[in-house]
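Take a look at the structure set out below.
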Amino acid sequence: ASLLQGLLGFYDRLAEQDPSDTDVRRESAVASRRVGDIRQRLGQADRAETAYAWAVAKLTALNAQHSADIALRIELARAHNEIGSVRSAKLETGYAYQSHREALAVLRTAEPIAGSSPEYRYELARTLYFLAGQHPGAPAGGHGDGAGEDAARARTHADKSQAYRQQAIGILEQL
């Protein structure tokens, strides 16, 4: 992790010297995600989440300039999914669900240009799998008005989870 952290600083300095060098900026973003991967495996959840957040910021900036780059979008979705995994491990289920929803949104906007890319389809299946296992948490607008509403929300979520799971299985079977 320390070695990769040092390389990350090197990539960042190179990117600052020539902001037009997309390859260096991409490598800097990928290195940030990899630092997050290592930190996550070492059980350093907060440091992993910080590294993933840096990767998302860098990839989002690149994506704004190169929106037709499918590999870039896949990498961005992967970083969002990893943030969701870290948040899930920290028992922040609502935030985890939101991170996976952000990954799905990135992938859905890439669908027209992705075609049948195996990497795209794999990350989409992975995202759907994560969403199937997550609970969206409390609604953004407040507490609701009782047990009936909670039960209806739980049924709707169960139906969505089953649909996500079936879509993920279908994609993986095709792959």
Side-chain angles (χ1 to χ4, degrees), residues 4 22 25-45 47-140 153-175:
L4 195 51
T22 304
R25 291 175 56 210
R26 178 191 309 262
E27 286 304 315
S28 174
V30 170
S32 291
R33 186 198 39 86
R34 288 182 180 150
V35 167
D37 291 345
I38 292 168
R39 298 281 186 209
Q40 187 175 13
R41 286 187 183 104
L42 292 174
Q44 300 170 351
R47 292 175 83 180
E49 189 172 354
T50 299
Y52 290 136
W54 273 106
V56 165
K58 292 173 185 180
L59 290 163
T60 299
L62 277 169
N63 188 48
Q65 296 171 340
H66 306 283
S67 60
D69 187 336
I70 187 62
L72 192 62
R73 297 231 192 143
I74 293 168
E75 192 65 38
L76 178 57
R78 184 176 296 137
H80 278 297
N81 276 329
E82 294 308 327
I83 289 172
S85 294
V86 169
R87 289 175 172 172
S88 182
K90 292 166 49 175
L91 303 178
E92 297 173 352
T93 57
Y95 293 120
Y97 185 81
Q98 183 57 38
S99 294
H100 296 306
R101 293 287 303 164
E102 289 171 10
L104 183 61
V106 167
L107 291 169
R108 291 288 190 216
T109 62
E111 212 162 11
I113 60 173
S116 60
S117 160
E119 294 84 6
Y120 168 82
R121 290 171 47 219
Y122 176 77
E123 196 60 33
L124 178 59
R126 191 170 169 256
T127 303
L128 293 167
Y129 172 78
F130 285 138
L131 285 168
Q134 290 291 327
H135 191 279
R153 193 177 312 113
R155 279 192 304 278
T156 300
H157 175 67
D159 292 344
K160 272 186 171 178
S161 289
Q162 184 62 21
Y164 287 144
R165 191 172 288 108
Q166 290 303 317
Q167 288 175 340
I169 290 169
I171 293 168
L172 292 172
E173 284 176 343
Q174 290 173 359
L175 286 172

>> Run the salt bridge (charged side-chain N to carboxylate O under 4.0 Å, His left out) test against R165 and tell me which residues pass, sequence neighbours left out.
In response: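 Expected list: none.
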> Among pairs that include at least one residue of residues 166-175, which meet side-chain hydrogen bond (donor to acceptor under 3.5 Å, both in side chains), considering only residues two or more places apart or in two chains?
Replying inline: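 Every side-chain hydrogen bond (donor to acceptor under 3.5 Å, both in side chains) pair that includes a residue of residues 166-175, provided the two are not neighbours, is R121-Q174.
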Distance (rounded to the nearest 0.5 Å) between [X] [atom1] and [Y] [atom2]:
X: R25; Y: Q65; atom1: CZ; atom2: CD; answer: 4.5 Å
X: F130; Y: E82; atom1: CZ; atom2: CD; answer: 6.0 Å
X: L76; Y: T109; atom1: CG; atom2: OG1; answer: 8.5 Å
X: H80; Y: T127; atom1: NE2; atom2: OG1; answer: 10.5 Å
X: R87; Y: H100; atom1: CZ; atom2: NE2; answer: 9.5 Å

Using modelled atom types and a 3.5 Å cut-off, is there a donor and acceptor pairing between side-chain atoms of [X] and backbone atoms of [Y]?
X: S88; Y: G84; value: no
X: Y120; Y: L107; value: yes
X: R26; Y: L62; value: no

Can you find a pair of side-chain heavy atoms, one from [X] and one from [Y], that are under 4.5 Å apart?
X: R73; Y: E123; result: no
X: L72; Y: L59; result: yes
X: V56; Y: R33; result: no

> What are the two closest heavy atoms between A29 and A55, and how far apart are they?
Replying inline: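 In terms of heavy atoms, the two residues are closest at O-CB, 3.6 Å.
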> Taking all atoms of both residues into account, what is the closest heavy-atom pair of S161 and A132, and its distance?
Replying inline: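 Nearest pair, atom of S161 first, then A132: OG-O, 3.2 Å.
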> Which one of L172, L131, N81 satisfies the side-chain contact (heavy atoms from CB on, under 4.5 Å) criterion with R126?
Replying inline: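 Single pass found, and it is N81.
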> Can you name the residues that form a ring pair (Phe, Tyr, Trp, His ring centres under 6.0 Å) with Y52, not counting sequence neighbours?
Replying inline: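 Checked Y52 against ring pair (Phe, Tyr, Trp, His ring centres under 6.0 Å); zero matches.
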> Around Y129, counting heavy atoms of other residues, nucleotides and ligands shown, do more than 12 lie under 6.0 Å from its OH?
Replying inline: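 No - once you tally the heavy atoms of other residues, nucleotides and ligands closer than 6.0 Å, there are 12 at most.
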